[in-house]
Amino acid sequence: MATPTASPIRPCTIQVVHQLRGRLRLRLAALRWAVDGGAEVRSQLSQYPGVSHVRVNSWAQSVVIEHEPGLVVAEVCDRLRDCLQRFSSDAPCLGRDDPEVSQTSLFPSADPLDLELLQRLTLPVLGLTLALLITPLEWSLSPWLLGGVTLAAAVPLLDRTRQSLIRGRFDEELLESTWTLFYGFTGDFVAPNLDLVLAQVADVLKEATSASTAVPTTDPIPPIDRVRIQQEGQLQEIAIGELKPGDRVFLQAGDTSPADGRILAGEAWLDLSTLTGEPAPLPRSAGERILYGSTLLDGELVIEVEALGTETQYGQELELAEAAPFQQTELSDYAKAVGQTLVLPTLAISVGIYLLTQNLERALAILQLDLITGIHLSTPTAILAMMKRAQRLQIDVRSGRVFETLAAADTVVFARTGTLTESDLSVVEVRIAPGTESLLPNSIADPVHGLLALAAAAEQCDQTEWQHPVACAIVAEANALGLTLPQSEACYPRQGPGLGVSAQINGQRVVVGSRNYLEQAGISFPEEFDGPAGSQDGQHHGYWYVYVAQGACLLGRIICCAQVRPEAEAAIAGLKQRGMTVYMVTGGAPQLAAAIGAQVGLAPDYIRSELSPQDKKEFVCQLQAAGHTVIYAGEGMDDYPALRYADVAVSTHHSYYPIQDIADLTLPQGRLTALVTAFELADEAIAIVKQNIALITLPNLTATTLGVLLLLDPVLVVSINNTANLLALFNALRPFWTEN
């Protein structure tokens with residue numbers, strides 16, 4: 001949409017985007033329409049008790065409030081309503097007793113695009129209808145009446161022209177305004193009103209290829225209202241607002257960490273997928289750190305609070321993202337770019353023709369080169385048609401500007417986790433301990449399959465609600481091979497939270513788990529099965545080491561990992577063929593990053609490992625500072641800042657909602673090759689735009705030049721121009737019925 005800053009504000013529904021300790025972020029749709037509303041909101045909230053700093057981004061409809069503990073959100077929303085109410089008397093705000101402060105949609109119930117289209121087309125259509133009906137119905141209407149309707153319909157065009165002249169710019173609207181005003185003196189009101197109708201339709205089409213500023217609508221981390229803390233050996237429940245650094249918080253399965261901190265006691269498996277996109281949970285125990293937003297899948301922890309609210313890593317990620325510059329979403333005005341070079345010469349020639357021929361129609365004919373209307377109509381039509389084709393391929397393009405940026409891009413950055421790798425773990429290696437083949441099930445000939453079947457049977461014996469992804473991977477691999485699993489006679493309690501399982505199978509105790517878990521069960525390890533340092537708890541550099549024992553004898557080892565997506569190598573190869581420079585970034589270890597890079601065809605120089613969210617964002621900014629146009633594909637919240645700074649942010653339909661909300665380009669899950677397709681669609685879309693500029697410009701200039709030199713009939717010149725416009729419009733519609 002064009003920037004409707006002079007319109008009255010819409011009802012000021014307020015949405016709480018997220019609330020951290022000391023930091024509150026709200027969305028106010030009214031900021032997009034309220035003139036000087038941002039400054040007034042900042043002034044009013046800065047005076048509110050306990051508020052230390054206020055940041056307002058009117059384009060993003062965002063208000064960020066940094067405050068002392070104890071801020072009452074409902075009171076802040078009341079003050080905001082009072083503040084915004086003063087900007088409009090005919091669009092009142094909702095009352096203070098509105099129960100849907102945090103749930104109600106921000107946007108007006110009526111679609112502003114539909115309302116504006118109706119308003120903007122009413123007068124031009126009325127003028128065109130009256131002009132067309134005068135002759136066949138032999139109506140006797142005063143030319144002044146028709147002229148008045150036409151002049152009223154042209155007010156938006158005349159206002160844009162006035163604003164351009166005030167800024168010292170001679171835009172293409174100057175030609176159109178001059179032609180519309182003076183053509184009425186010829187007695188023909190059909191052509192001016194038709195031109196105004198087409199111009200309004202072109203503006204609406206252009207706005208349809210734009211998108212509102214991308215802001216997340218939801219917070220992926222569930223709200224935390226109360227926490228359990230340990231004080232003098234007793235558990236006490238307090239409100240989240242009362243939590244402070246140094247407090248000891250007790251967490252159990254299902255809880256989400258309310259702070260960044262250090263684990264004092266306990267063991268647990270943490271789901272970090274929201275924060276990092278990492279598909280598999282990770283074990284954490286005493287002495288290790290835990291991040292705000294980590295969810296306990298299994299086990300119990302006592303943590304000491306170190307950072308809250310904006311001081312947490314998650315809070316800092318949001319700070320980095322909100323500092324990102326506003327990304328333009330409007331399609332470039334190609335008509336303006338072409339028309340600006342011709343405005344003054346065309347006006348001079350028009351005046352010259354009138355002085356030479358004393359014929360107003362001939363003088364005005366050259367002013368209607370129709371570069372303006374023709375390009376305005378065909379350009380967004382081509383982009384919309386290509387966006388529709390992309391949608392049929394399950395590729396969502398947020399705005400026409402995305403196609404322009406893709407066509408000009410030269411660099412693609414992939415976040416490793418969740419983008420290049422699968423979301424589930426897979427079995428990648430099964431190794432049998434020497435001399436143990438006779439201990440495996442006799443019903444399965446292949447010892448490798450026998451070890452898998454035995455491990456899967458033990459894993460299935462564990463009937464807890466949460467199943468570790470390694471267990472799921474082992475069972476899935478056995479099922480995929482069609483193995484018949486032996487029956488377990490009994491299951492034994494686990495010796496630690498999620499570290500392994502024990503079951504009675506064929507009269508023998510079978511133990512499956514990490515090295516530490518098996519050693520606790522009294523299993524000894526031969527030297528050849530001494531895994532890499534750091535793998536004792538099961539996970540090491542993205543690989544999961546699981547051992548299987550029967551009785552006191554080690555039978556073998558199973559290794560699982562999140563495998564590279566099958567299409568990742570083909571997608572990167574396709575991007576390289578287009579001349580793209582492709583990088584991979586990850587917060588993981590260098591060894592794992594190098595292994596994944598080798599599988600997808602990336603040299604070590606194009607891999608960045610052990611990067612924090614800020615490091616990823618700075619890497620994107622460094623590339624942009626070097627003159628590159630950067631496309632960034634990521635899944636986790638640690639990619640959020642980098643996505644906000646990238647020229648085009650890419651996600652999938654299964655990314656977390658905040659990532660999808662800010663994504664410029666959304667791909668089908670598991671189809672990285674769709675990114676190559678998106679680049680191809682962008683190339684085709686921009687190629688059609690350039691073809692249409694040529695189709696419109698050359699015939700228009702040629703016909704007008706011949707008309708001037710040979711004094712052709714102005715009607716013939718306009719007919720040639722309109723034919724060129726129709727051909728361009730037909731060319732723009734090709735993607736609607738053309739498939740890949």
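Owing to the predicted nature of the structure, the values given are computational and were not obtained by experimental measurement.
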- Task: Identify the heavy atoms of Y632 and A415 that sit nearest to each other, and give their distance.
- Result: OH-CB, 3.9 Å

- Measure across I523 and G551 and return the closest heavy-atom pair with its distance rounded to 0.1 Å. CD1-O, 3.2 Å

- Message: Taking the side chain as everything from C-beta on, heavy atoms only, tell me whether F619 gets closer than 4.5 Å to Y583.
- Response: yes

- Polar side chain donor-acceptor pair, Q614 to E618, under 3.5 angstrom: yes

- Message: Once rounded to the nearest 0.5 Å, what's the spacing between atom CG of L602 and atom CD of E569?
- Response: 9.5 Å

- Message: Quick check: do I659 and D639 have side-chain heavy atoms less than 4.5 Å from each other?
- Response: no

- Query: Between T436 and L439, is there a donor-acceptor pair closer than 3.5 Å when you use the side chain of the first and the backbone of the second?
  - Reply: no

- Message: When you compare the side chain of T586 with that of R608, does any pair of heavy atoms fall below 4.5 Å?
- Response: no

- Which pair of non-hydrogen atoms, one from A549 and one from L518, has the smallest distance, and what is that distance? CB-CD2, 3.8 Å

- Criterion side chain to side chain contact (heavy atoms under 4.5 Å, CB included) on I263 and V302, from CA distance to verdict: CA-CA 6 Å; I263 300 173; V302 176; over 6 Å; no

- Task: State the CG-CZ distance between L554 and R515, to the nearest 0.5 angstrom.
- Result: 9.0 Å

- Query: Any Lys/Arg nitrogen of E237 or R226 sitting under 4.0 Å from an Asp/Glu carboxylate oxygen of the other?
  - Reply: yes

- Out of I631, V412, V630, which residue meets the side-chain contact (heavy atoms from CB on, under 4.5 Å) rule with V648? I631

- Report the C-alpha separation of I596 and T421 in whole Å, then their side-chain angles, then the decisive distance to 0.1 Å, and conclude whether the side chain to side chain contact (heavy atoms under 4.5 Å, CB included) test is met. CA-CA 8 Å; I596 294 175; T421 54; 3.7 Å; yes

- Message: Around atom OH of Y606, are there more than 12 heavy atoms from other residues, nucleotides or ligands closer than 6.0 Å?
- Response: no

- Query: How long is the span from the CD1 atom in I290 to the OG atom in S257, to the nearest 0.5 Å?
  - Reply: 4.0 Å

- P641 and K616, any side-chain heavy atoms less than 4.5 Å apart: no

- Message: If we ignore hydrogens and angles and just use 3.5 Å, is the side chain of D271 paired with the main-chain N or O of L297 as donor and acceptor?
- Response: no

- Kindly compute the distance separating CG (L296) from CG (L251), expressed to the nearest 0.5 Å. 5.5 Å

- Please report the closest heavy-atom contact between S294 and L272, naming both atoms and the distance. OG-CD2, 3.1 Å

- When you look at T312 and L291, which way does the side chain to side chain contact (heavy atoms under 4.5 Å, CB included) test go after all the steps? CA-CA 7 Å; T312 63; L291 298 177; over 6 Å; no

- Query: Just wondering, are more than 12 heavy atoms of other shown residues or ligands nearer than 6.0 Å to CZ in R248?
  - Reply: no

- Which heavy atom of V548 sits nearest a heavy atom of A455, and at what distance? CG2-CB, 3.9 Å

- Would you call E635 and T652 a side-chain contact if the rule is heavy atoms closer than 4.5 Å? yes

- Run the ring-centre check on F525 versus Y547 and record whether the distance is less than 6.0 Å. yes

- Are any of the side-chain heavy atoms of P613 and Q313 separated by less than 4.5 Å? yes

- Item | CD/Q487: more than 12 non-hydrogen atoms of other groups inside 6.0 Å | no

- Task: Supply the atom-to-atom distance I572 CD1 to E567 CD, rounded to the nearest 0.5 angstrom.
- Result: 10.0 Å

- Carboxylate-amine/guanidinium proximity below 4.0 Å for R228 and D255: yes

- Item | Step-by-step side chain to side chain contact (heavy atoms under 4.5 Å, CB included) determination, Q624 to Q622 | CA-CA 5 Å; Q624 292 171 328; Q622 288 170 5; over 6 Å; no

- Query: Quick one: CD1 on I607 to CZ on F414, what's the gap to the nearest 0.5 Å?
  - Reply: 13.0 Å

- Query: So, the side chain of Q550 versus the backbone of L555: is there a donor-acceptor pair under 3.5 Å, distance only?
  - Reply: no

- Does the pair E429/R557 count as a salt bridge with the N-to-O cut at 4.0 Å? yes

- Task: Would you check if I559 and V427 make a side-chain contact, meaning some heavy-atom pair closer than 4.5 Å?
- Result: no

- Query: Is any NZ, NE, NH1 or NH2 atom of the basic residue among R262 and E288 found under 4.0 Å from an Asp or Glu carboxylate oxygen of the other?
  - Reply: no

- Considering only heavy atoms from C-beta outward, does the side chain of V428 approach that of C560 to under 4.5 Å? no

- For L26 and I65, the nearest pair of non-hydrogen atoms, with its separation, is CD1-CD1, 4.2 Å

